[in-house]
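Worksheet: one structure, shown below.
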Amino acid sequence: MKSCLTDGQRRCVIGGGRVAGLSLRDRVRSSAIREELGVEPLLLRVERSQMRWLGHLVRMPPRCLPGEVFRACPSGRRPLGRPRTGWRDYVSRLMWERLGIPLDELEEVAG
């Protein structure tokens, strides 16, 4: 996900035209352009938004549908192969890396 966002962000910042007087042929690093324009990295913004939504989910009352779906543990057979990384797994890893809080203890911290 990280490389997709940085590639897409570079295309948006520099794109087909000129931004900050630069083009792709000038071969300037994206980080230098972001610093010059005062723009935060897109991945950081997405992660902040996801952590904000996780805070809402954790504090939701048990009868709200998004909270129920988040807390649900589906049963049944899974397809063969490695399971895809779900949003819950991604956000729990993100919380552990950024804040050092396991997902189990998040409810106590949030609320």
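Values in this document were obtained by computation on a predicted structure and should not be read as measured data. Each residue takes its place number in the sequence, starting with 1.
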Seminar exercise, completed: To the nearest 0.5 Å, atom CG of Leu42 lies from atom CD of Glu40 at 8.5 Å
For this session: Count the heavy atoms belonging to other residues, nucleotides or ligands that lie under 6.0 Å from CD of Glu35, then report whether that count exceeds 12.
Result: no
Exercise. Atom CZ of Arg84 and atom OH of Tyr90: how far apart are they, to the nearest 0.5 Å?
Worked result: 14.5 Å
Exercise. Does Arg63 reach the main-chain N or O of Glu68 with its side chain, forming a donor-acceptor pair under 3.5 Å?
Worked result: no
Exercise. Side-chain contact, heavy-atom cut-off 4.5 Å: Leu44 with Arg48?
Worked result: yes
Exercise. CD of Glu97 to OG of Ser92: how many Å apart, nearest 0.5 Å?
Worked result: 9.5 Å
For this session: Using the rule that two of Ile, Leu, Val, Met, Phe, Trp, Tyr join whenever any of their side-chain heavy atoms come within less than 4.5 Å, decide whether Trp53 and Val69 are in one cluster.
Result: no
Exercise. Closest approach of Pro102 and Gly100, non-hydrogen atoms and distance?
Worked result: CD-O, 3.8 Å
Exercise. Would you say Trp96 and Val46 are hydrophobically clustered, going by side-chain heavy atoms of ILVMFWY under 4.5 Å?
Worked result: no
For this session: Quick one: pull up CZ in Arg88 and CG in Leu57 and give me the separation to the nearest 0.5 Å.
Result: 10.0 Å
For this session: To the nearest 0.5 Å, tell me how far Arg93 CZ sits from Arg98 CZ.
Result: 9.0 Å
Problem set entry | Hydrophobic cluster identity match, Met51 and Met60, side-chain contacts under 4.5 Å | yes
Problem set entry | More than 12 heavy atoms of other groups within 6.0 Å of Arg45 CZ | no
